[in-house]
Amino acid sequence: MTQELSSSLPGNFIREAIEEDLRTGRFNYVRTRFPPEPNGYLHIGHAKAICIDFGMAQTFGGQCNLRFDDTNPVKEDVEYVDAIKEDIHWLGFDWEGREYYASDYFEQLYQFALKLVRKGKAYVDDLTADQIREYRGTLTEPGKESPYRHRSVEENLDLFQRMRNGEFPDGARVLRAKIDMASPNINLRDPVMYRIIHTPQHHRTGNQWCIYPMYDFAHGQSDSIEGVTHSLCDLAYEDHRPLYDWFLNELEIFHSRQIEFARLNLTYTILSKRYLKQLVDGGHVHGWDDPRMPTLCGMRRRGYTPEAIRNFINQVGVAKKENLVDISLLEYLVREDLNKRALRVMGVLNPLKVVITNYPDGQVESLEAINNPEDPAAGTRQVEFSKVIYIDQDDFREEPPPKYFRLAPGREVRLRYGYIIKCEGFVKNSTTGEIEEVHCTFDPQTKGGYAPDGRKVQGTIHWVSAHSARDAEVRMYDRLFTVPDPSRAEEGKSFLDYLNPNSLTVLKGCKIEPGLANAIPGSHYQFERKGFFCVDLDSTPDRPIFNLTVPLRDTWAKIEGTQKNKPD
RNA sequence: UGGGGCGUAGUGCAACGGCAGCACACCAGACUUUGGAUCUGUGGAUCCUGGUUCGAAUCCGGGCGCCCCAGCCA
């Protein structure tokens with residue numbers, strides 16, 4: 001946690017509400033919590049919640065607890081709790097040892113339930129799940145009371161005890177709150193508080209319990225036990241607030257204030273654990289940390305930085321309006337951050353061999369290159385130049401379109417930090433039509449790329465000496481979906497129908513500066529004129545692998561695009 | 001047709017009865033040994049409708065539209 005984080009957090013309605021509570025004396029301290037269920041990996045939508053939960057606590061000099069809402073052993077696993085903790089730390093937040101679990105409170109929660117049973121406010125119901133649904137009524141019609149609703153306190157106590165003792169199979173009975181089957185708010189129509197689950201074992205409590213509280217019966221009380229003042233959550237829980245209020249009032253325990261905000265939605269991706277799991281299980285991506293995934297581990301592997309993500313969350317703001325944020329904002333902030341810190345290098349993605357015909361055979365010379373024009377402290381490095389070099393195929397055109405500044409027959413171009421060269425000819429494969437080799441001459445007077453005669457050379461291209469280049473694999477990523485909002489699929493389609501078939505392009509035989517082969521996994525570089533790249537987790541010096549984090553803005557692509565679209 | 005919530009440039013967020021502003025996106029230009037970065041500039045919004053008020057995005061009434069809720073998921 002850093003200091004500037006809180007000061008950069010913009011004002012919003014939640015902050016105002018907390019200020020009001022402090023002013024009016026409703027609370028005299030601030031405590032929040034981030035409550036993930038350990039049933040999947042964190043994604044950027046969670047990052048919003050994390051930044052708000054931890055950020056608000058920090059803004060007001062309070063604390064933010066990490067609490068796992070682990071009330072459903074069927075879906076949860078330790079695999080996820082470890083990953084969640086790692087991701088929160090990576091994002092830049094720390095719960096200072098306050099790592100709690102709803103399962104820590106199972107006994108307390110059980111006692112709470114007992115209290116409601118004794119007060120005649122809860123009962124054991126023998127109806128099946130299907131029957132409970134039928135009895136619940138509909139959105140417009142009131143529900144019916146269960147025939148078991150009026151059991152005596154003694155019978156309820158006995159049955160609930162026996163549920164805990166494991167005398168009944170899964171689904172045989174549940175404990176329900178006795179509220180109002182005719183309530184217009186369906187959450188108040190005698191919601192289920194406890195259900196029986198014998199298997200699997202709980203990841204923390206093992207086989208200690210065979211009854212588990214529902215989220216609705218656990219969350220508010222867990223907040224209460226922890227003295228959470230502000231329970232910040234998704235809009236979806238707005239309807240549940242009256243239920244939490246009811247529990248807290250009947251239990252006569254500390255009452256947190258719940259404030260709901262709209263979850264984050266991002267264009268061209270999907271932010272739903274259920275859908276993300278489908279992408280992983282269906283093999284549409286290579287795992288939760290696939291760089292195309294909007295998960296925090298995926299973004300980390302892709303090369304997004306925690307700073308950029310935090311800035312993004314701050315820029316996006318907090319409100320109650322449903323939103324769909326343009327992913328280009330995130331990309332902009334990633335570039336902004338990386339621009340300041342990523343070392344520049346030259347990497348040729350689709351190599352095209354260039355022979356400098358008037359350069360002496362076997363000669364190799366060393367040229368000075370700047371590591372980061374945005375940061376003089378990054379210094380310089382030496383790059384080798386020789387008779388044969390590689391340039392990108394994009395940088396040569398046999399027939400250059402208007403405004404094309406790069407290499408073409410008879411044209412001059414500057415090799416970055418190298419020489420000005422002129423294209424004198426090329427070799428074309430007569431059967432495939434592919435350009436196989438370009439022949440150029442260099443101007444010895446232009447070492448370093450300077451033209452002493454003041455002549456204008458518009459284009460500057462990147463290159464790598466064939467003599468020293470190393471091969472690398474580069475994974476180019478594009479958006480995962482072809483439409484801005486894949487969750488809104490049209491009739492008869494699912495979000496899977498909008499997967500972008502070109503979201504991953506693996507380039508092999510790319511040519512990189514030799515020093516880059518030893519780059520540390522996770523480190524960031526800018527391949528000049530191409531984009532920001534990150535050394536992949538699986539990269540080794542023998543087999544370097546880079547992930548495209550985000551491409552550089554490509555004005556030329558835009559110009560060329562509009563040229564093509566013009567009917568001429 | 002029940003209940004809850006939300007409507008401000010293309011997108012997201014401000015403006016809390018007093019000149020509707022910021023960021024991204026878009027468009028144009030300057031600069032440039034990255035067609036990057038940087039700098040400058042243009043265009044573009046208060047859902048509709050009554051009312052209160054000197055004055056309304058803001059307060060009140062009435063519409064309209066969108067989202068969420070009928071798990072023994074969270």
Side-chain angles (χ1 to χ4, degrees), chain A residues 10-12 16 35-37 39 69 71-72 74-76 125 127-129 132-134 136-143 170-176 182-189 191-197 212 214-216 218-219 233-242 260 262 264 267 273-274 314-333 335-336 339-340 344 346 370 373-374 403-406 414-418 420 448-451 457-462 484 526-532 551-560:
Chain A
N12 58 57
E16 288 172 7
E37 184 191 15
N39 70 340
D69 269 331
T71 56
N72 185 359
V74 174
K75 298 191 173 179
E76 297 151 10
D125 196 349
L127 253 30
T128 65
I132 286 180
R133 191 185 322 113
E134 286 165 26
R136 190 152 29 223
T138 68
L139 294 177
T140 51
E141 300 161 313
D170 287 9
R173 295 179 219 262
V174 292
L175 183 73
R176 291 230 255 169
S183 173
N185 181 343
I186 291 178
N187 295 303
L188 263 23
R189 317 238 264 231
V192 172
M193 293 163 57
Y194 270 90
R195 69 298 211 185
I196 300 169
I197 301 174
Y212 291 91
M214 296 289 288
Y215 172 88
D216 279 350
H219 198 89
C233 65
D234 194 279
L235 248 30
Y237 297 102
E238 212 149 17
D239 285 347
H240 297 240
R241 183 153 30 93
E260 308 86 6
L264 173 73
T267 56
K273 264 194 230 174
R274 207 179 110 242
N314 284 164
Q315 299 261 327
V316 150
V318 187
K320 298 190 74 157
K321 192 171 70 168
E322 293 287 345
N323 58 76
L324 182 60
V325 178
D326 194 335
I327 197 161
S328 63
L329 174 59
L330 212 209
E331 292 172 341
Y332 168 83
L333 292 164
R335 283 193 201 98
E336 180 186 62
N339 182 50
K340 291 179 297 195
R344 295 328 90 136
M346 292 195 280
I370 294 166
E374 305 293 320
K403 294 196 179 153
Y404 184 83
F405 301 155
R406 286 109 95 149
R414 173 169 33 240
L415 295 176
R416 172 137 245 224
Y417 303 125
I420 292 173
Y450 302 99
V457 176
Q458 273 268 44
T460 299
I461 64 174
H462 57 98
Q526 182 195 103
F527 285 11
E528 295 218 29
R529 303 207 310 132
K530 283 294 166 188
F532 291 100
L552 252 28
R553 265 183 51 189
D554 191 349
T555 310
W556 166 243
K558 206 171 284 178
I559 294 169
E560 195 179 29

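Throughout, protein chains are lettered first and strands after them, A, B, ... in sequence-line order, and every chain is numbered starting at 1.
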5′-ward residue of the pair A/Asn39/A/Lys530 relative to RNA chain B
A/Lys530
Residue whose closest nucleotide on RNA chain B lies nearer the 5' end, A/Glu141 versus A/Ala451:
A/Glu141
Mind checking [X] for me? I need base, sugar-phosphate or nothing, with any heavy atom below 4.0 Å counting as a touch.
X	result
A/Arg416	base
A/Tyr194	nothing
A/Arg414	base
A/Ile420	nothing
A/Ile559	base
A/Tyr212	nothing
A/Thr267	nothing
A/Ala129	base
A/His219	nothing
A/Leu329	sugar-phosphate
A/Asn339	base
A/Ser328	sugar-phosphate
A/Tyr332	sugar-phosphate
A/Val316	sugar-phosphate

Check this one for me: any side-chain N or O of [X] less than 4.0 Å away from OP1 or OP2 of [N]?
X	N	value
A/Arg189	B/A70	no
A/Arg344	B/G36	no
A/Arg136	B/C72	yes
A/Arg335	B/G36	no
A/Lys321	B/U8	yes

Could you work out which one of [options] sits closest to the side chain of [X]?
X	options	result
A/Glu322	B/C73, B/A23, B/C67	B/C67
A/Arg195	B/A74, B/G35, B/G12	B/A74
A/Phe405	B/A74, B/G35, B/A70	B/G35

Below 3.5 Å, does any donor atom in the side chain of [X] face an acceptor in the base of [N], or the other way round?
X	N	answer
A/Arg406	B/G35	yes
A/Glu238	B/C68	no
A/Asn323	B/G12	no
A/Glu374	B/U38	no

For nucleotides [N] and [M], find the distance between their [atom1] atoms and express it as a whole number of Å.
N	M	atom1	result
B/C39	B/A23	P	11 Å
B/C16	B/C31	C1'	43 Å
B/G4	B/A57	C1'	24 Å
B/C54	B/G17	C1'	12 Å
B/C6	B/G71	P	25 Å
B/C48	B/U42	P	27 Å
B/U34	B/C26	C1'	24 Å
B/G10	B/A45	C1'	10 Å

Rounded to the nearest 0.5 Å, how far does [atom2] of [Y] lie from [atom1] of [X]?
X	Y	atom1	atom2	result
A/Leu552	A/Glu528	CG	CD	9.0 Å
A/Leu329	A/Glu336	CG	CD	10.0 Å
A/Leu127	A/Glu134	CG	CD	8.5 Å

Under the criterion side-chain contact (heavy atoms from CB on, under 4.5 Å), which of A/Ile196, A/Thr128, A/Val192 is the partner of A/Val174?
A/Val192
Which heavy atom in A/Ile370 sits nearest to a heavy atom in A/Pro373, and how many Å separate them?
CG2-N, 3.8 Å
Would A/Ser183 and A/Asn185 count as having a side-chain donor-acceptor pair, cut-off 3.5 Å?
no
Any non-hydrogen side-chain atom of A/Lys320 less than 4.5 Å from a side-chain atom of A/Glu238?
yes
Please tell me if the side chains of A/Tyr215 and A/Asn72 come closer than 4.5 Å, counting only heavy atoms from C-beta onward.
no
side-chain hydrogen bond (donor to acceptor under 3.5 Å, both in side chains) partners of A/Arg133, counting only residues at least two apart
A/Asp130
Only Watson-Crick and G-U wobble pairs, only distances under 3.5 Å, only runs of 3 or more: what stems does that leave for RNA chain B?
B:2-7 with B:64-69, B:10-13 with B:21-24, B:27-30 with B:38-41, B:47-51 with B:59-63
Per the side-chain hydrogen bond (donor to acceptor under 3.5 Å, both in side chains) rule, which among A/Lys273, A/Lys75, A/Glu76 passes with A/Asn39?
A/Lys273
